[in-house]
Amino acid sequence: MDVNDTVKPHDSGAAPEPYSAEWWQERSATELRDIIKHGFRLGAAYDGAVAETERRAREATRRMRDQALDDRRRKARNRLITLALALVAFAVSGTWLLWAR
């Protein structure tokens with residue numbers, strides 16, 4: 001099983017094939033942890049549990065990085081808007097002072 005495999009949706013009435021990518025994705029974190037705790041003697045089940053855990057960790061890391069990037073972009077946009085508003089206020093007050101003479 002490759003952790004980068006895409007999963008095809010299965011029929012609503014049929015269960016996924018054991019140890020397939022879809023089957024691993026349906027396992028809870030507790031189930032994966034229990035399989036990993038039993039160690040190497042489980043063979044392919046251990047390898048699959050480790051691979052699924054790693055895939056989930058990479059996915060969570062990717063989501064956190066994307067969230068951080070979105071936050072940085074939002075903050076930069078807000079700073080730019082604030083700077084633009086300050087510049088407009090400065091220009092308007094300067095123009096007002098020139099006309100007030």
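Sorted by first then second residue, the side-chain hydrogen bond (donor to acceptor under 3.5 Å, both in side chains) pairs that include residues 72-94, not counting sequence neighbours, are D71-R74.
Atom CD1 of I35 and atom CH2 of W24 lie 4.0 Å apart (nearest 0.5 Å). Atoms CG and CZ, from L32 and R55 in turn, are 9.5 Å apart once rounded to the nearest 0.5 Å.
Of the possible polar contacts, none joining the S20 side chain to the P16 backbone as a donor-acceptor pair under 3.5 Å is found.
For the salt bridge (Lys or Arg N to Asp or Glu O under 4.0 Å) with E59, the lone residue among R62, R56, R63 that qualifies is R63. Here the rule is side chain to side chain contact (heavy atoms under 4.5 Å, CB included) with E52, and of E26, R27, E31, Q25 only Q25 fits it.
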